[in-house]
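First up is the structure itself, then whatever we jot down about it.
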Amino acid sequence: MKRILPLVTLIIVLAACSPRVTLPDIMPTPTPAPRPPAVKPEDYSDYDLISRLDGSTATIPLSEGILLERFGTAAGLTHNRTHEAYARLIGGESDLIFVTYPSEEELELAETAGVELEIIPVVKDALVFLRNTANGVESLSRRQIRGIYTGGITNWSEIGGADEPITAFQRPENSGSQTLFLKLAMDGLAPSPPPLELRPAGMGDLVDVVADYDNAPGALGFSVFYYVSDMYGSPSVTLMAVDGVAPTRDTIAAGTYPYITYYYAVMRKDTPEGHPMRELIGWLLTDEGQAAARRAGYVPMRALNRGLDESGYGFYGSTPENTAVSSGTGGTEPLVEGLFSDRWSVLNNGEAELSSAPETERMVRAWVEQAMESYGAYGGNISAETVYELAGDLLSVRVFAYDRSGESKFSRAAAAVFDLKEGRRLRLSDLFYDGVNYIEYINANMITRSVYSYADHTDFNEYFLKRPFTGVPDDYAEFTIANNSNGSVLQIYIENDNPFFDYPYASAMLFGLRLPIDLSPYGLVYDIGYDREDISGSIEMLIPRIQTGAAPSQVDGIINGKIRALAETAAENVYIGDVSDIDGGVRYIPDVSFWNDNMSVRYNDYYWTDDIYTDRGFTITVNLRTGGTVDAEE
């Protein structure tokens, strides 16, 4: 018989080192190289750090925020544009720049000068597309964007808009946003070269022409999220959704928006250990440094605790509202069919094989890289492991990172779920039917049931809860989906260094909740138990009893009535069941299995006649959604 898990389980997650995965083309990162010996701090007693710091226009607030946090002043800071900043770094005029990823020309410039660049992601951003507010098209697909910029789509009416020619602006070569556009959106395709007047020189110039160009309703441009939302926006310009996902801080942080990128700290690779710029980057990648970047308006590399208010809210952005009220977006129809299909496969080395969905595979690998980089898993004392789990068209990915050296020991876990059929990362709301208040269900049930019995207790609150748990917010990103014989399980990860739970035995706390059949399109079985019935004397029989929704239903009564009738039929036979000893007696155990949205229950009938073994039995299969009997062979 399959072991039945309780509603909420706490699992200890173990870690091991694993080799680095192949980097995706959209987010290349150089392999760390050996560095020169460390230098003494006094060697930099007269070092003017501010004058040796440079970067792009969009990272001025980042540099200012860091300098104010660390030194109390940003006086004298100057940022050149992206290409000039790279040229100054390569030429030795600066020691650290905050920029987008280098273009091919900038990489060639460094190679010609004999300079190796060290490129470290420090905050997240996104490539965004801009339209004039007079244009009614709210979303573009990645395919449509490539079609527009290669000349295949020339009129807004072809993509659901007005009969208006598309005027597609670009930026000059080697500008940061143009490099991102070529890398993320075009994905190797060459865009049609625009006339000079459609290549605004400055980032602000592009916003202006989309807002007030002669043919403004037909204008389309691109930029980076932070610049448009925090530095140079316009009431006449709107950010467009891509594949139905709007660019926001939440969708960028969660990785659900398709065109995620980074701002990088770039230095010469021969910069010694102990150099003030290396110390500055090291601090920026700590929780304190990332919090400073967030205060400057940037999206941090990983989820950070925002600090609790007096009532206890603030955990990963939790508020009384977003921990209590929500609305599912998973549609109105069940999606459980094929949940256990073999459409996809996982390779022996642990990487998902998604060859028939290359764009989705690229998305998955990019997310893994993002998680690895945010934990510093490609250098120093950090070890990491990536775990993939398939559930039909759903792929769950987990990244665990560990630092076991020095004073800054930590353990982290990141999680994501991808819909391979639709080619997108799922949000928490996607797991629940339209209109379902899913966050209320999750937070009401996360810690109300016992944990595994080996923890030697049944009251989670008494043993592990340091303060009242206010709950996770409705946009919480650290979750996966797992399958067992009972169906789909939603797994919520919470890092150990949280303000509520004192559980020092694992890298991350994992709470497993059933996805109820009446709340989730992926739901199968909400709960299953067993009634014990005496047959005669010391002989017992277990009879399955299920509840398929958040509360008992009429369908549950039909299903349980049919299962009990099967048990009574089986009980008429002396030699029934899978048996186990119970206090000197015998217990007969049914074989329960689940497939798609059906449940099969079987009691076996064993005979030994003239040394010939015969296995006969009684089986019933019922549909968990209708209660109807299914004609299916075991």
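All figures in this text were calculated on a predicted structure; none of them were measured in a lab. Side chains are part of it too, since the values below use all heavy atoms of this structure and drop only hydrogens, waters and symmetry mates.
In this structure, Thr59 contributes its side chain and Leu62 its backbone to no donor-acceptor pair below 3.5 Å. No donor-acceptor pair closer than 3.5 Å links the side chain of Thr271 to the backbone N or O of Met267. Not a single donor-acceptor pair under 3.5 Å links the side chain of Gln491 to the backbone N or O of Leu510. Using modelled atom types, no side-chain atom of Arg52 and backbone atom of Met277 make a donor-acceptor pair closer than 3.5 Å. Panel note: side chain Asn135, backbone Asn132; no donor-acceptor pair is recorded below 3.5 Å. A donor-acceptor contact shorter than 3.5 Å is absent between the side chain of Asn443 and the backbone of Thr470. Within the 3.5 Å criterion, the main-chain N or O of Leu96 finds no donor-acceptor partner in the side chain of Ser94. Although no hydrogens or angles enter the test, the distance criterion places no donor-acceptor pair under 3.5 Å between the side chain of Thr386 and the main chain of Val399.
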> Taking it one step at a time, do Lys183 and Glu104 satisfy salt bridge (Lys or Arg N to Asp or Glu O under 4.0 Å)?
Replying inline: CA-CA 11 Å; Lys183 192 176 295 293; Glu104 292 298 325; 5.0 Å; no

>> Quick one, Tyr298 with Val122, criterion side-chain contact (heavy atoms from CB on, under 4.5 Å). Give me CA distance, side-chain angles, the key distance, then yes/no.
In response: CA-CA 10 Å; Tyr298 296 86; Val122 290; over 6 Å; no

>> Using side-chain contact (heavy atoms from CB on, under 4.5 Å), reason through Ile50 and Leu67 one step at a time and then give a plain yes or no.
In response: CA-CA 8 Å; Ile50 294 179; Leu67 293 173; 4.0 Å; yes

>> Before you tell me yes or no, could you show the steps for Tyr149 and Leu220 under side-chain contact (heavy atoms from CB on, under 4.5 Å), namely the whole-Å CA-CA distance, both residues' side-chain angles and the distance that decides it to 0.1 Å?
In response: CA-CA 10 Å; Tyr149 279 95; Leu220 175 69; 3.8 Å; yes

>> Phe225 vs Thr261, test: side-chain contact (heavy atoms from CB on, under 4.5 Å). Steps then yes/no.
In response: CA-CA 10 Å; Phe225 175 80; Thr261 186; over 6 Å; no

>> One pair to check against salt bridge (Lys or Arg N to Asp or Glu O under 4.0 Å): Arg295 and Glu69. What are the steps and the verdict?
In response: CA-CA 10 Å; Arg295 286 192 293 273; Glu69 188 80 20; 3.1 Å; yes

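For Asp243, the salt bridge (Lys or Arg N to Asp or Glu O under 4.0 Å) partners at least two apart in sequence or on another chain are Arg142. The salt bridge (Lys or Arg N to Asp or Glu O under 4.0 Å) search around Asp125 returns none, not counting sequence neighbours. Looking at residues two or more places apart in sequence or on another chain, you find a side chain to side chain contact (heavy atoms under 4.5 Å, CB included) between Gln144 and Leu140, Ser141, Ile153, Ile159. Applying the ring-ring contact (aromatic ring centres under 6.0 Å, His included) criterion to Phe98, with sequence neighbours excluded, gives no partner residue. Applying the salt bridge (Lys or Arg N to Asp or Glu O under 4.0 Å) criterion to Glu64, with sequence neighbours excluded, gives no partner residue. Every residue two or more places apart in sequence or in another chain that forms a side chain to side chain contact (heavy atoms under 4.5 Å, CB included) with Ala253 is listed here: Val299.
The structure places CG of Asp270 at 8.5 Å from CD of Glu116, a figure rounded to the nearest 0.5 Å. In this structure, CG in Leu49 is found 10.0 Å from CZ in Arg70, a value given to the nearest 0.5 Å. Rounded to the nearest 0.5 angstrom, Asp54 CG and Tyr86 OH are separated by 11.5 Å. Note that CH2 of Trp283 is 9.5 Å distant from CD of Gln290, once rounded to the nearest 0.5 Å. The CZ atom of Arg88 sits 13.0 Å away from the NE2 atom of His83 when rounded to the nearest 0.5 Å. One distance of note links CG of Asp475 with CZ of Arg427; it measures 10.5 Å at 0.5 Å rounding.
Taking the six-membered ring for Trp and thresholds of 30 and 60 degrees, Phe129 and Tyr259 have ring planes inclined between 30 and 60 degrees apart.
In this structure, Val368 and Tyr388 have side chains that are in contact, with non-hydrogen atoms separated by less than 4.5 Å. The side-chain heavy atoms of Thr100 and Ser56, taken from C-beta on, include no pair separated by under 4.5 Å. Val224 has its side chain out of reach of Val128: every pair of non-hydrogen atoms, C-beta onward, lies at least 4.5 Å apart. Contact of the Pro191 side chain with the Leu182 side chain is registered, since non-hydrogen atoms from C-beta on lie closer than 4.5 Å. Counting only heavy atoms from C-beta outward, the side chains of Phe479 and Ser396 never approach each other to under 4.5 Å. Residues Thr323 and Val472 fail the side-chain proximity criterion, which asks for heavy atoms closer than 4.5 Å. Put simply, the side chain of Leu428 does not reach to within 4.5 Å of the side chain of Asp474, judged on heavy atoms. No side-chain heavy atom of Ile442 sits less than 4.5 Å from a side-chain heavy atom of Tyr476.
Between Arg398 and Glu478 no salt bridge is recorded (no basic side-chain N to carboxylate O distance below 4.0 Å). Salt bridge Asp95/Arg268: present, at least one basic N to carboxylate O contact under 4.0 Å. With respect to Glu118 and Lys269, no salt bridge is recorded, no charged nitrogen being found less than 4.0 Å from a carboxylate O.
Within a 6.0 Å sphere centred on CD of Glu138, other residues, nucleotides and ligands contribute 12 heavy atoms or fewer.
Defined by atom type and a distance below 3.5 Å, a donor-acceptor pair is present between the side-chain atoms of Ser63 and His79. In summary, the side chains of Thr329 and Asp430 do present a donor paired with an acceptor at a separation below 3.5 Å, with no hydrogens or angles considered.
Here the closest non-hydrogen pair linking Phe500 and Gly312 is CZ-O, 3.5 Å. For the pair Gly471 and Ser318, the tightest heavy-atom approach, listed with the atom from each and the gap, is O-CB, 3.7 Å. Of all heavy-atom pairs spanning Ala185 and Ile145, the tightest one is CB-CG2, 4.2 Å. Of all heavy-atom pairs spanning Ala296 and Pro61, the tightest one is CB-O, 3.8 Å. A pairwise comparison of heavy atoms in Ile90 and Ala113 identifies CG2-CB, 3.6 Å as the closest pair. The minimum heavy-atom distance between Ala58 and Tyr263, with the atom names listed, is CB-OH, 3.2 Å.
Aromatic ring centroids of Tyr262 and Tyr101 lie 6.0 Å or more apart. A centroid separation of 6.0 Å or more is found between the aromatic rings of Phe511 and Tyr493.
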